Amino acid sequence: DPTQITHKAAYAAQLAPILKMSKKELVRKLTGTSRFSYVAKAVSMRQWKQIQNLNLVAITSEGTTVRVYPGGVLAANLLGYVGDDGHGLEGLEHSLDETLTGTDGTTTIEQVNGREIPTSERHTVEPVNGSNVRLTIDSDLQGVAEQALAQQVKSARAKSGEVVILDPATGDILAMANYPTFNPNDPQASKAVVKNNRAVSDAFEPGSTGKAITMAAVVNEGALTARSRLVIPSGLPRGGTTFHDDIPHGVWHLTLAGVLAKSSNMGSILAAEKIGQKKLLSYMKGFGIGQLSGLNFPGETGGSLPDPSNPNEWSGTTFPTLAFGQGYSVSALQMASVYATLANNGIRRQPRLIAGSVDSLNHFHPTPLAPGKRVVTARTAASVRAMLEKVVSPDGTAPDAAITGYRVGGKTGTANRYDANTGGYSGYTASFIGVVPIDKPSLVTAVIIHGPTGAHFGSLVSAPVFKKVTTYALAHLRIPPSPMKQSHLPVKW
């Protein structure tokens, strides 16, 4: 109560060393005509006992609650954190604030001159506790994913990274890791950008992981099969420029499966031209590109897909670049969802993070599964999965992603990274997205690492994280090994 304090400088001198505040700032807080003013918030019990011992008139305290996160940084970008008032400021704490907080109770009484009338009616509405929320996240798997991702981002001297693990049958998110991350017990110690769930909020060009969409489209349209033969030249002129593959070569004779296994940009262009830009765009939209996932997570991006009717977005090179994964943007969750659709026999499931809620009576209310949407036929999905398996074979770009005892399919990606500050490309995004087991898909793991220094190929930077995390997940979730051997699709002809 500032009005009761006469010797403000003396008070400030005694409080300053305890509160670690300047005397000048304390004098300002102790001065005023109001009967109430906060001197400091969130002081420890130890500090308050020291202040109590000073016996300062007009200095009182009030109890507060503190939200504690026992896991520390575990899933911090998913959970978010709360402010001093107890309301969520980021992540699920923010989006589920009303559900978690509950409803205050009220009591209405009749008074005269500030005193309750003894015989008057009293109306009370009891408070309702908030609900507990159960996530689809497997905390053990989340921890392994975060640790493996952090190690690789540091080792590659990269800017950041994300790992997303999905159950393709349900769309359940089993892990969603970000690095760098923060400690929700001390959120003010970290910059705002680190607190975002970048697996859903940041958009990037997918690069060659996007070729799976092209393959699915041309196979589903009946334009080509996995065994169709293509002649890949050393250079392909389109739209006033000449496209090349990452590795210089002469004329290649590849099957469509070989185009994916060798990650040929030119082969992807030739394949996409069999169906045309209108149909390719239709399939991209069907896989969820350019749309929100339905997860309803704060700050989620839908990515972007260029509009052919807009000359500012479409040029002679746009269609060719879309075919091999450049010229549009996605989030890590979106690309994981693309592969989950192929793993789920062509049916796209809305990603799910909330398994359900537990009310004040301890009743569990599961979150219903959203109806799936068919994007491609089951036969097409199986064909593309067989093609993805060749990527992880000795003939493909990522043989080191293979996991002993399991049939693994996946795709590497090494995309030029768009820099909004310069309006051009700078650095790379390295990725690997895999499906395991390929014959009976149970897991989809996407590993995205942005801005690696030195080695920047997805096979070298991201595939090792995929292998480490997925190997653990297979054992942890007790997913049985594959009884069948790899498919024998030809890569060359």
Side-chain angles (χ1 to χ4, degrees), residues 1-107 114 127-133 139 143 146 150 178-197 298:
D1 181 353
T3 64
Q4 294 187 37
I5 302 173
T6 305
H7 304 291
K8 296 176 175 53
Y11 270 47
Q14 296 179 78
L15 291 172
I18 300 174
L19 296 175
K20 303 292 190 294
M21 296 170 64
S22 70
K23 296 177 184 177
K24 182 178 180 181
E25 183 181 6
L26 282 166
V27 168
R28 181 177 60 80
K29 288 180 174 289
L30 297 168
T31 302
T33 58
S34 170
R35 297 296 304 274
F36 178 87
S37 174
Y38 279 114
V39 179
K41 293 183 179 181
V43 299
S44 67
M45 287 297 295
R46 181 182 177 185
Q47 287 173 305
W48 173 238
K49 288 184 181 300
Q50 289 177 292
I51 294 170
Q52 271 187 310
N53 292 336
L54 297 176
N55 294 316
L56 300 176
V57 175
I59 300 293
T60 58
S61 71
E62 63 180 16
T64 59
T65 58
V66 177
R67 183 81 148 151
V68 177
Y69 299 87
V73 301
L74 184 71
N77 300 83
L78 288 179
L79 300 178
Y81 62 97
V82 299
D84 292 337
D85 60 358
H87 288 289
L89 296 179
E90 292 283 354
L92 294 175
E93 291 282 21
H94 175 67
S95 63
L96 300 175
D97 189 56
E98 185 174 341
T99 301
L100 296 168
T101 301
T103 306
D104 290 342
T106 61
T107 297
V128 178
N129 288 334
S131 297
N132 289 321
V133 172
S139 59
E146 289 184 1
N178 291 258
Y179 188 84
T181 185
F182 73 103
N183 189 341
N185 292 307
D186 186 18
Q188 305 309 319
S190 301
K191 295 180 180 179
V193 67
V194 175
K195 301 171 192 175
N196 296 334
N197 181 10

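Keep in mind that what you see is a predicted model, and the values were worked out from it rather than measured. Counting from 1, the numbers follow the sequence of the chain as shown.
Inter-residue side-chain proximity for V82 and Y69 is flagged as met; some heavy-atom pair is nearer than 4.5 Å. Proximity of N77 to F182: side-chain heavy atoms (C-beta onward) are separated by under 4.5 Å at one or more points.
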Could you go step by step and tell me if M21 and L15 meet the side chain to side chain contact (heavy atoms under 4.5 Å, CB included) rule? CA-CA 8 Å; M21 296 170 64; L15 291 172; over 6 Å; no
Between V133 and L92, is a side chain to side chain contact (heavy atoms under 4.5 Å, CB included) present by the stated rule, with each step listed? CA-CA 10 Å; V133 172; L92 294 175; over 6 Å; no
With side chain to side chain contact (heavy atoms under 4.5 Å, CB included) as the criterion, how do K49 and R46 come out once you've worked through the C-alpha distance, each side chain's angles and the decisive distance to 0.1 Å? CA-CA 5 Å; K49 288 184 181 300; R46 181 182 177 185; 6.0 Å; no
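Here T60 contributes atom OG1 and I51 contributes atom CD1; the two are 11.0 Å apart, rounded to the nearest 0.5 Å. Taken to the nearest 0.5 Å, the CD atom of Q14 stands 10.0 Å off from the CG atom of N55. One finds the CD atom of E146 at 10.5 Å from the OG atom of S139 (value rounded to the nearest 0.5 Å). For the atom pair L100 CG and N132 CG, the distance stands at 8.0 Å (nearest 0.5 Å). Interatomic distance, L30 CG to T6 OG1, rounded to the nearest 0.5 Å: 11.5 Å. The CZ atom of F36 sits 13.0 Å away from atom OG1 of T3, with the distance rounded to the nearest 0.5 Å.
Panel note: side chain D97, backbone H87; no donor-acceptor pair is recorded below 3.5 Å. In this structure a side-chain-to-backbone donor-acceptor pair under 3.5 Å is present from Q47 to I18. K195 contributes no side-chain N or O that, together with a main-chain N or O of E90, makes up a donor-acceptor pair within less than 3.5 Å. Judged by distance alone, the side chain of D1 and the main-chain N or O of A58 form no donor-acceptor pair under 3.5 Å.
Residues passing the side chain to side chain donor-acceptor pair (under 3.5 Å) test with N129: none are found, sequence neighbours excluded.
Residue pairs meeting the salt bridge (charged side-chain N to carboxylate O under 4.0 Å, His left out) criterion with at least one partner in residues 98-107, sequence neighbours excluded, do not occur; the list is empty.
Heavy atoms from other residues, nucleotides or ligands lying under 6.0 Å from NZ of K23 number 12 at most.
Heavy-atom minimum distance, L89 versus H94: C-CB, 3.9 Å. Nearest heavy-atom pair, A12 versus V27, reported as atom, atom and distance to 0.1 Å: CB-CG2, 3.7 Å. Between R67 and N185, the shortest heavy-atom distance links the atoms O-OD1, 4.1 Å. The two atoms that bring S37 and P2 nearest to each other are CB-CG, 3.9 Å, heavy atoms only. Taking both residues in full, the closest heavy atoms of Y81 and Q188 are given as CE1-NE2, 4.4 Å, listed atom of the first, atom of the second, then distance. Between T181 and A76 the shortest heavy-atom distance is OG1-CB, 3.8 Å.
Partner of Q4 under the side-chain contact (heavy atoms from CB on, under 4.5 Å) criterion, out of L56, V57, I59: V57 alone.
Looking only at atom types and distance, the side chain of E62 has a donor-acceptor partner in the side chain of Y38 under 3.5 Å away.
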